[in-house]
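What follows is a single structure, written as structure tokens, with notes after it.
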Amino acid sequence: MWKRIFGKKNDTPDIDSDHSLSNLALDRASLPRHVAIVMDGNGRWAEGKGKSRSAGHEAGARTLKRIVRAASHIGIEVLTVYAFSTENWKRPHREVDFLLNLFDSFLEKEITEMHEQNVRMSFIGRRDRFSDRFLARMEDAEQRTAHNTGVHFNLAANYGSQDEIVRAVRKLATRAAEGELCPEEIDEALFSNALDTAGDPPVDLFIRTSGDLRLSNFLLWQSAYAELYFTETHWPDFTPEELKRAIEDFAGRSRRFGGLTTEE
Ligand code: IPE
Ligand code: IPE
Ligand code: MG
């Protein structure tokens, strides 16, 4: 049943490469298609090291880079990460500003390499509170990578699942009011396609780092049947190796989707 299917995809030498992933012994069919991650614990990581919260966020950005690369090497179809929630605006102004600048410089620095790795990048969430400069960078990243065929990497920025659902309802209600759509035509598939994650499969594996056991308004609709994986590891310490462990754990779960077995 267990087959070795992953080898290194290219010979580019680099310290973050996936030596540890090359021995991930899983059948492709047991891989999650869509992995979602709540990248939590940057602040606690920093506190534990006597560093500033900003240093924690910077370390978190370095982890993200490694995890996108690992997801791409493993062959995950969609990776969606929670970078900034609709609720995170409540944080001190200085921290919010720092995070927005960090996203901007992350994109500036990483987009070329992600493009070379065949990553297709998208943003999910509201776009109404970002600077014009960041908006332009987001759109540029999406356009440049739009035709890539590797992992679909969704960065959730100013994202809240309830907000996303309300926006989707409004879109459909507007179409119905304009006579374009019959209310009876609205079903799960049509609704899914009105969400920011339109076109992506549902979340299979939902990971949250840093020990809190909650969803914090992330992908509520999309995670209806997701397998949950919580780890005490703070996000900056999360490694491709631990991603691999989460995937192996996922592969051992019995998913029944309300039925009795998935075997038949
Ligand atoms: C996650 O780390 C990053 C964001 C929410 C932007 P936190 O900043 O929430 O770190 P903790 O939870 O305070 O440790
Ligand atoms: C969730 O983390 C949001 C992100 C990781 C971006 P939070 O730190 O904001 O979540 P709560 O406040 O602990 O629920
Ligand atoms: Mg947190």
Side-chain angles (χ1 to χ4, degrees), residues 34-68 70-71 78-110 121-131 134 137-138 141 153-167 195-197 200 203 205-223 226 228-239 242-243 246:
H34 188 166
V35 176
I37 310 183
V38 179
M39 308 185 289
D40 198 20
N42 293 349
R44 277 163 281 179
W45 177 89
E47 200 182 319
K49 292 190 151 18
K51 296 184 182 202
S52 64
R53 291 182 61 84
S54 304
H57 295 313
E58 278 169 344
R62 289 192 290 275
T63 298
L64 178 58
K65 175 185 164 146
R66 288 192 284 269
I67 294 302
V68 174
V78 186
L79 173 71
T80 304
V81 303
Y82 209 4
F84 192 88
S85 74
T86 44
E87 288 72 35
N88 286 146
W89 297 102
K90 294 177 196 157
R91 294 189 180 198
H93 194 61
R94 267 187 51 205
E95 178 163 349
V96 170
D97 268 359
F98 183 86
L99 283 165
L100 296 178
N101 284 325
L102 183 65
F103 300 151
D104 194 62
S105 63
F106 176 85
L107 263 193
E108 184 187 13
K109 276 196 276 178
E110 306 304 338
M121 183 165 194
S122 301
F123 291 85
I124 62 169
R126 304 180 64 94
R127 301 207 178 183
D128 53 357
R129 285 180 77 169
F130 294 133
S131 67
F134 184 54
R137 222 192 276 290
M138 287 162 84
F153 170 44
N154 289 314
L155 190 89
N158 195 12
Y159 175 88
S161 192
Q162 292 182 335
D163 170 78
E164 178 194 37
I165 289 169
V166 170
R167 284 188 287 109
L195 294 170
D196 296 351
T197 50
D200 291 332
V203 174
L205 174 60
F206 184 113
I207 298 173
R208 182 173 184 139
T209 58
S210 210
D212 283 317
L213 306 179
R214 57 176 169 265
L215 307 178
S216 299
N217 202 11
F218 193 42
L219 301 173
L220 304 179
W221 170 277
Q222 296 89 336
S223 300
L228 307 178
Y229 182 92
F230 295 99
T231 169
E232 293 290 330
T233 306
H234 299 311
W235 175 248
D237 287 333
F238 191 79
T239 56
E242 187 159 9
L243 175 65

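When a ligand or atom number is given, it counts from 1 through the structure's own listing order.
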Need the atom name: nearest N/O/S atom of Asp40 to the Mg ion (ligand 3). OD1
A quick test of your reading: do over 12 heavy atoms of other residues, nucleotides or ligands sit less than 6.0 Å from CD of Gln162?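 Not buried by this count: 12 neighbours or fewer within 6.0 Å.
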Evaluate the side-chain proximity of Asn217 to Asp163: yes if any heavy-atom separation is below 4.5 Å, no if none is. no
Any side-chain heavy atom of Val96 sitting closer than 4.5 Å to one from Asn88? no
Holding to ring-ring contact (aromatic ring centres under 6.0 Å, His included), I want the full list of residues that pass it with Phe134, two or more places apart in sequence or in another chain. Phe130
For a distance under 2.8 Å, tell me if Asp212 has an N/O/S atom near the Mg ion (ligand 3). no
Can you pull the residues with any heavy atom under 4.0 Å from ligand 2?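 Correct list: Val38, Met39, Asp40, Tyr82, Ala83, Phe84, Asn88, Arg91, Arg208, Arg214, Ser216.
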Set out, in order, the CA-CA distance, both residues' side-chain angles and the distance that settles side-chain contact (heavy atoms from CB on, under 4.5 Å) for Val81 and Phe153, then state yes or no. CA-CA 8 Å; Val81 303; Phe153 170 44; 3.7 Å; yes
Asn154 and side-chain hydrogen bond (donor to acceptor under 3.5 Å, both in side chains): which partner among Thr80, Asp196, Thr197? Thr80
Is a salt bridge present between Lys49 and Asp237, judged by a nitrogen-to-oxygen distance below 4.0 Å?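 Salt bridge: no.
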Whether His234 lies under 4.0 Å from ligand 1, heavy atom: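 It does not, in that no heavy atom of His234 comes within the 4.0 Å cut-off of ligand 1.
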